Asker: 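Have a look at this one.
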Amino acid sequence: MKNCGIMGEKMKNFGKTLGEIYEEHRGMIFWMAGMILVTVGFLIYGLLTLKPSAALVKIGYGDIGGYHGGEWNEMQTQGGYRDGGWTEMLAWPTMALVMMVTHLFIAMKIYQKKGEAAAEVFLFITIMIVMFAWVVLMRLVGEG
């Protein structure tokens, strides 16, 4: 059988690294599983809260809003929740999916280059980012 090329080598390396982590570093497996659980939960929540039948949903929040020219004091009154279409809310589940996949690979690369402790810190930070995004999404859904 022919060599599958660069991707075949990388997948073989990925499997080897994952096996090494599983055998020697159970703490990192715990953090990886935690990150996957949090992001899958966020993905499911993001998909369940889409409201395709709604004409308008709350898609964002800004304290001061954007500056559109004019007087400086007008900018202070333009903050608050922004309305938009439900398709714009697809950004949340997409973010969860992208973070789950890319941050898993990044954590394994950090493990290879810097070691277990650095990869665990990266996974912890990823979990905190996803949980923060989850809180923001819950607030947006609550206001909608």
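Computed from a predicted model, the values in this text were never measured in an experiment.
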Asker: Starting from Val38, can I reach Phe105 by hopping between I/L/V/M/F/W/Y residues whose side chains sit under 4.5 Å apart?
Answerer: yes
Asker: Test of understanding: clusters of I, L, V, M, F, W, Y form through side-chain heavy atoms closer than 4.5 Å, transitively. Do Phe124 and Leu104 belong to the same one?
Answerer: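 Looking at the clustering, Leu104 is in the same group as Phe124.
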Asker: CE of Met95 to CH2 of Trp134: how many Å apart, nearest 0.5 Å?
Answerer: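 Between atom CE of Met95 and atom CH2 of Trp134 there are 11.0 Å.
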Asker: Just grab all the side-chain hydrogen bond (donor to acceptor under 3.5 Å, both in side chains) pairs involving residues 84-103, residues at least two apart or on different chains.
Answerer: His103-Thr126
Asker: Does anything in residues 30-41 form a side-chain hydrogen bond (donor to acceptor under 3.5 Å, both in side chains)? List the pairs, not counting sequence neighbours.
Answerer: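 Listed once each, the pairs would be none.
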Asker: If you round to the nearest 0.5 Å, how far is CD of Glu24 from CD1 of Ile29?
Answerer: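 Nearest 0.5 Å value for the CD1-CD distance: 11.5 Å.
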Asker: Quick one, Met99 and Met35 - any side-chain contact, counting heavy atoms below 4.5 Å?
Answerer: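 No - every pair of side-chain heavy atoms lies 4.5 Å or more apart.
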Asker: Count the heavy atoms of every other residue, nucleotide or ligand shown that sit under 6.0 Å from CE of Met131, and state whether that count exceeds 12.
Answerer: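 Result for CE/Met131: open.
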Asker: Is there a chain of hydrophobic side chains (I, L, V, M, F, W, Y, each step under 4.5 Å between heavy atoms) that links Leu90 to Val98?
Answerer: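 Leu90 does not cluster with Val98.
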Asker: Using the rule that two of Ile, Leu, Val, Met, Phe, Trp, Tyr join whenever any of their side-chain heavy atoms come within less than 4.5 Å, decide whether Leu43 and Met128 are in one cluster.
Answerer: yes
Asker: For Met100 versus Ile36, what's the shortest heavy-atom pair and its separation?
Answerer: SD-CG2, 4.1 Å
Asker: Kindly compute the distance separating CZ (Phe42) from CD1 (Ile127), expressed to the nearest 0.5 Å.
Answerer: 14.0 Å
Asker: To the nearest 0.5 angstrom, please state how far the CD atom of Glu120 sits from the CD1 atom of Ile125.
Answerer: 12.0 Å
Asker: Which distance, rounded to the nearest 0.5 Å, do you find between the CD of Glu116 and the CG of Leu123?
Answerer: 10.5 Å
Asker: Shortest non-hydrogen contact from Ala107 to Met28?
Answerer: O-CE, 3.8 Å
Asker: After noting the C-alpha distance and the side-chain angles of Tyr45 and Met138, does the key distance pass the side-chain contact (heavy atoms from CB on, under 4.5 Å) rule?
Answerer: CA-CA 9 Å; Tyr45 182 78; Met138 288 183 351; 3.3 Å; yes
Asker: If Ile, Leu, Val, Met, Phe, Trp and Tyr residues are connected whenever their side-chain heavy atoms lie under 4.5 Å apart, and connections chain through other members, are Leu50 and Val136 in the same group?
Answerer: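 Per the 4.5 Å side-chain linkage, Leu50 and Val136 are co-clustered.
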Asker: When rounded to the nearest 0.5 angstrom, what distance separates OG1 in Thr49 from CG in Leu137?
Answerer: 4.5 Å
